[in-house]
Structure formats: C-alpha cells, structure tokens
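Encoded as structure tokens, the structure appears first; notes follow it.
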Amino acid sequence: MSEVIEADAVIVGAGPVGLFAVFELGLLDVRCHLVDILDKPGGQCAELYPEKPIYDIPGFPIITGQGLTENLLAQIRPFEPTFHFGQMVTALTRRPDGRFDVETDAETHFIAKAVIIAAGGGSFQPKRPPVPGIEAYEGKSVFYSVRKMEAFRGEEVLIVGGGDSALDWTLNLQPLAKRLTLLHRRDAFRAAPDTVNKMRALVAEGAMDLLFGQVTGLEGADGQVGAAIVTDNEDREHRIPATRILPFFGLTMKLGPIADWGLNLHENLIPVDTEKFETSEPGIFSIGDINWYPGKLKLILSGFHEAALMAQVVSRIVYPNKKILFQYTTSSTSLQKKLGVA
Amino acid sequence: MPKITYIAFDGTPYVVEAREGTTVMENAIRNSVPGIEAECGGACACATCHVYVDEAWRAATGEPEPMEEDMLDFAFDLRPNSRLSCQIRVSAALDGLVVRIPERQG
C-alpha cells in the first residue's frame with residue numbers, strides 16, 4: 001500500500017459534472033482529488049461522443065463533448081485538482097473519526113472529509129465477447145487490457161477487434177510475440193490509417209496473420225487457453241493456436257463497486273435530497289447522472305446545479321467554523337483572487 | 001401509425017405504434033421494451049441498442065452506413081442481420097417491422 005493521501009474531498013468520476021464540482025468546491029477553498037477509471041478526463045463526453053455536438057449547455061449553442069471537457073479543464077485549472085486516472089474506487093468506508101477511507105484498485109488510499117460520487121452511468125468496463133466459458137480464462141490468459149507487455153513475450157497472441165486499441169496493441173506486441181494473429185469481423189478498421197497500413201505491411205511480410213471472423217469457442221485448461229476456434233465469414237471453422245487472447249470490443253458502463261458501499265439505491269441510482277445532494281450516508285454526496293430524486297433529469301446542466309448546492313454543504317464539513325459568505329465571481333475580489341484574475 | 005414488433009430475448013413480443021420519423025430505438029425506450037439500453041442516447045456512439053432485423057425486413061431497412069458499421073464492431077454477438085436501432089428510422093414502408101433483441105448489450 002502506497003502512502004495515504006489526506007484530502008478535503010474525493011470526487012469519484014471525472015466527467016463534466018465531476019470537473020465542474022472542482023470549480024464550485026474550489027471557490028469555497030475545498031481542494032479535490034478526482035478518480036476515474038478512464039485514462040482521461042471527460043467521462044462519457046470523452047469516451048462516447050468526443051466529436052458529437054451537444055446543444056443544451058447554457059451559453060453554448062453548440063459544443064462537442066471534447067470541447068466541453070477542454071473548457072471545463074481550463075475553468076478549474078486555478079484550483080489545481082489532482083487526477084488519478086485508470087483506476088476505480090473499490091472501497092468506501094467511514095472511519096471512527098468521521099472521515100472516509102477511499103481505496104482504489106490501483107492501491108491509492110485517501111482519507112477524505114467528504115466524498116462526492118459523480119460516476120455518471122457507472123464505471124466503463126471492457127465488453128466481454130460472447131464466447132462460452134471465457135470467464136474461466138479471464139485474468140490468466142485472456143486479458144482486456146495490457147498492463148505488462150512482458151507477459152506477452154514468446155506467446156502465441158490473438159488480438160480480436162478492429163479499433164485503435166486492437167491495432168495499437170497489434171503493432172506493440174508483434175515484435176515480442178512468438179506469433180501474433182489479428183482477428184476482426186470484416187476487412188475494415190476503425191483506427192488511425194497509419195496504424196492500419198503498418199499492420200497490413202506486417203501481414204504482407206508474413207510477420208503476422210490477419211483473419212476475418214469471430215471467436216466461437218476456446219480450448220484450454222485451468223485458466224490457460226491453448227487455442228481459439230474461429231468461425232470465418234463463410235461459416236468455416238479454424239483452430240488458431242493462442243496462449244494469450246486480447247479482446248478489444250470497447251467499453252460499457254456498469255455500476256460496479258458502488259453497489260457495495262452500503263448506500264441506499266433506487267434502480268441502480270443513488271437517491272439524494274435536493275438541498276444538499278447528500279446520500280443516505282452523511283458526508284457522502286452524489287451529483288450528476290448517477291443520482292436520483294423526484295423530477296430528476298439526466299442533463300449535464302442539472303449536474304452543474306447539483307454541484308453548486310453540494311459545494312456549500314461540503315465546505316461546511318471541511319471548514320466547520322467558517323462562515324460562508326455567498327458571493328458572485330463577477331464582483332467578489334476574494335473569488336477573483338482564487339481564480340487568479342484579480 | 002406504423003407498428004413495430006420487438007421480440008425480447010425470452011421470446012416475449014412487444015408491439016408498439018411508432019410515429020414516422022422517429023427511430024426504432026426511441027420507440028423501444030419510450031415503451032420500456034427491455035433489452036435496449038441506448039447508453040449514448042441515439043448518437044450512434046455506443047452499440048447498446050443492437051437488434052437483429054427479421055430476415056423478411058432486411059431489404060426494407062437497408063444496410064448500415066459506414067459510421068454504424070464501425071460502431072457495430074463493438075456490439076455483442078454480432079450477426080449478418082445486426083443493426084443499431086437508433087439508426088433505423090420509422091417510415092410507412094416499415095409498418096409491421098419485426099426486430100429481435102440480443103441476450104445482452106455488452
């Protein structure tokens with residue numbers, strides 16, 4: 001276990017609402033750490049629709065998911081949030097002193113005065129392909145991400161998929177693998193053209209194999225896969241020797257460990273009150289798409305409003321003896337100093 | 001109004017009346033048809049409104065556009081008649097359309 005990080009507030013989720021919470025909390029001198037399972041900020045805006053337009057952000061007739069993320073990052077920069085990407089909060093428990101232990105699957109450990117769950121649709125997790133019995137191999141010889149490239153050296157590697165992840169790892173692992181096969185359902189790739197060209201050159205040299213079809217079965221024992229049964233687009237079966245399989249079918253949202261934190265849930269959403277946006281556990285707040293209250297609308301703008309009200313309450317937890325003065329950024333010198341503009 | 005029949009994975013049919021110009025996904029969500037998630041809300045960005053178009057209706061619904069083909073790469077249990085229901089627009093010509101819902105969306 002690495003060192004413990006003492007924090008005012010830990011925000012679970014770095015989507016638009018989690019990012020804006022940094023702003024509202026920052027104006028009230030609450031410093032934030034954000035944890036997100038993705039390797040970048042923006043949540044669904046970054047992962048699902050970076051290039052797609054959003055039309056209902058107040059003041060922006062049209063803005064892309066990526067554009068909104070970039071603007072929010074610029075807006076919160078004065079408050080110097082600390083990001084912890086590529087990890088998922090797995091445990092959240094109350095300490096005897098009233099603060100919270102927050103632990104992630106990357107062994108980051110926070111002690112926080114308040115926790116804000118802004119986890120949207122839950123955590124993005126890899127899609128599992130429809131191959132019977134694949135669960136038995138997961139984490140042993142079937143992986144959905146590459147943590148250590150060395151684990152693939154000298155192995156017969158089968159990569160499945162046609163997106164950037166599949167193509168990037170094909171190029172990265174091909175020099176290490178004993179033999180590498182890329183399997184995709186069709187002869188078209190949704191990846192950077194340069195990467196696709198490099199892959200095709202390797203195939204032309206005979207340095208790797210490219211196959212079109214789908215994995216329909218696995219052979220192996222005790223978690224160690226030995227071969228994949230591949231059905232091609234003419235319904236012929238092939239047996240591809242494979243000791244490591246990497247399926248890349250994108251990500252899907254799952255509620256994940258949030259269900260185990262002892263919070264009341266309402267159809268996989270977290271009920272909150274509409275004054276403080278606090279959950280059934282005092283000190284744990286929930287804002288954005290993951291919360292629920294009568295009349296809730298899953299809109300980014302609703303999440304922004306929820307962040308502002310939540311911040312008032314969290315600042316009282318962090319600074320119990322300080323009187324909060326309600327101020328406007330337009331006219332308050334003290335707020336402008338915090339924003340670095342005065 | 002055109003009628004659409006959604007057949008859930010357990011075989012239960014859901015018949016709904018759909019306004020022309022709406023999408024097959026929107027009508028599933030509006031009528032609480034189980035098994036269509038539509039995480040991205042119809043932006044052709046997630047592949048969680050995946051359906052199998054009944055063979056008799058494949059010609060009428062047409063072929064997926066390249067953007068939809070790209071997203072179908074990420075769909076669960078893909079078949080030749082797989083489509084993303086957010087990309088099928090209801091018209092009079094689709095009155096009676098039958099689609100089946102896969103076991104799960106991801």
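Just so it is clear: chains get the letters A, B, ... in the order the sequence lines come, proteins before strands, and each one is counted from 1.
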#### Entry: When A:Glu51, A:Gln125, A:Arg186, A:His184 are compared by non-hydrogen pairs under 4.5 Å with chain B, the top option
A:Arg186
#### Entry: Residues of residues 246-253 of chain A near chain B, each having a heavy atom less than 4.5 Å away
A:Phe248, A:Phe249, A:Gly250, A:Thr252, A:Met253
### Summary
Okay, B:Glu103 and chain A: the region with an atom under 4.5 Å from a heavy atom over there is neither
Let me have the donor-acceptor pairs involving side chains of residues 295-302 of chain A, under 3.5 Å, with sequence neighbours excluded, atom names and distances please.
{"from": "A:Lys296", "atom 1": "NZ", "to": "A:Gly288", "atom 2": "O", "distance (Å)": "2.9"}
{"from": "A:Lys296", "atom 1": "NZ", "to": "A:Asn291", "atom 2": "OD1", "distance (Å)": "2.9"}
{"from": "A:Lys296", "atom 1": "NZ", "to": "A:Glu306", "atom 2": "OE1", "distance (Å)": "3.4"}
{"from": "A:Lys296", "atom 1": "NZ", "to": "A:Glu306", "atom 2": "OE2", "distance (Å)": "2.9"}
{"from": "A:Ser302", "atom 1": "OG", "to": "A:Leu297", "atom 2": "O", "distance (Å)": "3.4"}

#### Entry: Flag if over 12 foreign heavy atoms under 6.0 Å of CZ, B:Arg30
yes
### Query
Quick one: salt bridge (Lys or Arg N to Asp or Glu O under 4.0 Å) pairs with a partner in residues 1-12 of chain B, sequence neighbours left out?
B:Lys3-B:Glu17
### Query
Would you say A:Glu135 has more than 12 foreign heavy atoms packed within less than 6.0 Å of its CD?
yes
### Task
Dump the intermediate steps for side chain to side chain contact (heavy atoms under 4.5 Å, CB included) on A:Arg128 and B:Arg104, then the final yes or no.
CA-CA 11 Å; A:Arg128 171 188 282 161; B:Arg104 51 193 173 89; 4.1 Å; yes
### Pairwise side-chain contact, A:Arg190 with B:Phe74, heavy-atom cut-off 4.5 Å (strictly under)
yes
### Query
Which heavy atom in A:Lys127 sits nearest to a heavy atom in B:Cys46, and how many Å separate them?
NZ-O, 3.2 Å
### Task
Report, as yes or no, whether the 6.0 Å neighbourhood of atom CD on B:Glu65 holds more than 12 heavy atoms from other residues, nucleotides or ligands.
no
Can you list, pair by pair, the side-chain donor-acceptor contacts under 3.5 Å of residues 40-49 of chain A, counting residues two or more places apart and other chains?
{"from": "A:Lys40", "atom 1": "NZ", "to": "A:Glu47", "atom 2": "OE1", "distance (Å)": "3.0"}

### Task
Taking only Lys NZ, Arg NE, NH1 and NH2, and the carboxylate oxygens of Asp or Glu, determine whether B:Asp73 and A:Arg185 approach each other closer than 4.0 Å.
yes
